[in-house]
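Worth saying up front: this structure is predicted, and the values here are computed from it rather than measured. Residue numbering restarts at 1 for every chain, and letters A, B, ... go by the order of the sequence lines. Basis for what follows: all heavy atoms, side chains included, without hydrogens, waters or symmetry-related copies.
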Amino acid sequence: MTNLALTELYNLPDQRGHFGPYGGVFVAETLMLPISELTDAYYRYMKDKDFLAELDYDLLHYVGRPSPIYHAERLSREAGGAQIFLKREDLNHTGAHKVNNTVGQALLAKRMGKTRIIAETGAGQHGVATATVAARLGLECVVYMGSVDVARQAPNVLRMKLLGATVVPVESGSKTLKDALNEAMRDWVTNVDNTFYIIGTVAGPHPYPAMVRDFQAVIGREAKPQMLEMTGGLPDVLVACVGGGSNAIGLFYPFINDHQVQMHGVEAAGDGIATGRHSAPLSAGRPGVLHGNRTYLMEDEDGEIIETHSISAGLDYPGVGPEHAWLKDSGRAQYVSITDDEAMQGFHALTRLEGIIPALESAHAIAYAMKLAPALGKDKTILVNLSGRGDKDINTIAAREGITL
Amino acid sequence: MSRITPKLESLKRAGRKALIPFITAGDPTPEFTVPALHALVEAGADIIELGVPFSDPMADGPVIQRASERALAHKMSLRKVLEQVREFRQKDDSTPVVLMGYLNPVESLGYRNFVDKAREAGVDGVLTVDMPPEESSEFLPMLDEAGIDPIFLLAPNSTDKRIAKMGQLGRGYLYYVSLKGVTGASHLNLDDVAHKIKEIRQLTSLPIAVGFGVKNAETAAAISKLGDGVVVGSALVSKIEAAGGDTRLALKEITALISSMRSSLDA
């Protein structure tokens, strides 16, 4: 049930980074000073005219914004119901929404006088987007990536290396995104003086969830007038996939106070929620503390983080941004899940019907929109955030479908 | 009441420094832990820091990460660590025990439930690496009420304001992390440590234990001169790891290291 009172005057997070009981700063003492320096810089530059002008310039000329909105007519007809529109973040430079954030954080790093950039990556999209901006600004760049992900996202590993980044395979724990994040934190704590840590999603300690959201909110800010122009109204439902949740929050945030617009976040159900092999903490987890913030987590009864599963490396994460935890509890957004098999159907449908190859992450959102559309009238509109393109996933898809490349 | 302050006061009166070994509970096996704690005390340990294994030990270097992984492979958990402390207390009612770990297992058990169980088991202090004082307003009063000391970390880049705050909220001792980095790192600079500890002393009267980067008897002795106690973790855990599952060898190696540190501290 939606409790509008909670979100009517939405101004979260509070000063210490809390979204209700979620978020916050849960880190070891050595990181408190760099985090407070970063928080100061973030609040200062988000109001600085020169900084914002430089950011706008880069988004326009380097990223290629604004990204268009596309009416997927054949996909809508196939689904049979509401009209499905796509926000084409896959058309950004580097092929996903991730670059909106790395461009912003890299500019911040430069203003703060940091000479070295580190990042974690799962699917490799954030790693590529980070290596890209580091190359452009001439900054040293180290990307941590779970060794399992290194194996399944080889094209992106090569891209990062070509861009001049050092890719460090992480062998600890489950060897995926969460462990890459642990390792990046360890690097940061060791090299705090010259290093800027570009987190790729709306997780981590404050100010990251708010800062990454603010850089990604360009998606929703553009989408509003674009939808008004194309359809004469705001969309009825927003749909986006949620791993850490940065593309979803980027689309949702500018609509939070438009209460007639529903927001649906799509988590990865992997083999199915009932099997336990999934990456859906909002659907099947409970609150806890990991990676600097309190949020919904996938954990066992002793509070140890459990291994997640998804066909999509970018959604394979046991936590989720704290703002999503809050939007779930407050009822402002709903969270659903899509299995690997359903995501594959969405992937093929969009590819065949519209000539757009989506990232496997985004395919979750497509699959859910196709499920939702028949339940809504033909006069209703669904806006899906097509967060990335699928070229990076062709090896995964070939392996799953028994094709030898 | 916590055993920490009386212990540190009596050491101070005797002109001695506290030797504080750290091992991860359940590493390499759950059966190893309690006998190892007794052996460490016999070899000269004054306070025990017992690591609670966690799946995502963000502030730890590879040595203690692997210790966590070995312990978790044996289904070690915070509940079981508390049982080990209770078992340790059956034969040792005087050596302070500090649990050191991450917040999530504590939140999973629930603050109230954890504090009750920890008090019953005989825990004296709790060091939660990823819970700064700003986030501890619910937890601290419960610990205080139970007579369990919250131990806070201080770092080389801690500001005066934060040092003063930790001095007010902390009990027992403050744990000074001697370098920027994770546990087991190796670039310790004694002059820097001495300088920072002098600064800390001006802001708080709590005793100071120094850790991170204490490799052998020589560094232990040098470090101990700067503070009130010295914590040795990765060096011990490395010995356990090197013994490769031979728990008798592991026990022999860690007691030998602590004995040598004891002698050089008292020399």
Pairs of heavy atoms under 4.5 Å with chain A: top-ranked of Thr159(B), Val177(B), Leu103(B): Leu103(B)
- prompt: What residue, out of Ser136(B), Pro156(B), Pro57(B), has the most heavy-atom pairs lying under 4.5 Å from chain A?
  reply: Pro57(B)
query: When only heavy atoms count and the cut-off is under 4.5 Å, which of residues 301-310 of chain A reach chain B?
result: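 If one takes a 4.5 Å heavy-atom cut-off, the residues of residues 301-310 of chain A near chain B are Glu301(A), Asp302(A), Gly303(A), Glu304(A), Ile305(A).
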Measuring only between side-chain heavy atoms, which start at C-beta, is [X] closer than 4.5 Å to [Y]?
X         : Y         : answer
Asn104(B) : Glu299(A) : yes
Ser158(B) : Thr30(A)  : no
Ser108(B) : Arg286(A) : yes

Contacting moiety of [X], where chain B heavy atoms sit under 4.5 Å:
X         : answer
Leu297(A) : side chain
Asn191(A) : neither
His291(A) : both

task: Anything in residues 59-69 of chain B with a heavy-atom distance to chain A below 4.5 Å? Please list those residues in order.
output: Ala59(B), Asp60(B), Gln65(B), Glu69(B)
Chain A contact residues among residues 21-30 of chain B, heavy-atom distance under 4.5 Å: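 If one takes a 4.5 Å heavy-atom cut-off, no residue of residues 21-30 of chain B lies near chain A.
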Distance from [X] atom [atom1] to [Y] atom [atom2], nearest 0.5 Å?
X        : Y         : atom1 : atom2 : answer
Met58(B) : Trp188(A) : CE    : CH2   : 10.0 Å
Ser77(B) : Asp300(A) : OG    : CG    : 8.5 Å
Asp56(B) : Asp179(A) : CG    : CG    : 6.0 Å

message: More than 12 heavy atoms of other residues, nucleotides or ligands under 6.0 Å from CZ of Arg44(A): yes or no?
response: no
query: Could you go step by step and tell me if Met32(A) and Asn157(B) meet the side-chain contact (heavy atoms from CB on, under 4.5 Å) rule?
result: CA-CA 9 Å; Met32(A) 292 305 290; Asn157(B) 58 0; over 6 Å; no
- request: Can you tell which part of Glu134(B) gets under 4.5 Å to a heavy atom of chain A, answering side chain, backbone, both or neither?
  value: both
message: Strictly by salt bridge (Lys or Arg N to Asp or Glu O under 4.0 Å), give each pair with a member in residues 13-32 of chain A just once, sequence neighbours left out.
response: Glu29(A)-Arg162(B)
message: Under the side chain to side chain contact (heavy atoms under 4.5 Å, CB included) test against Asp130(B), which residue among Leu290(A), Leu31(A), Val27(A), Val289(A) passes?
response: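 Single side chain to side chain contact (heavy atoms under 4.5 Å, CB included) partner of Asp130(B) among Leu290(A), Leu31(A), Val27(A), Val289(A): Val289(A).
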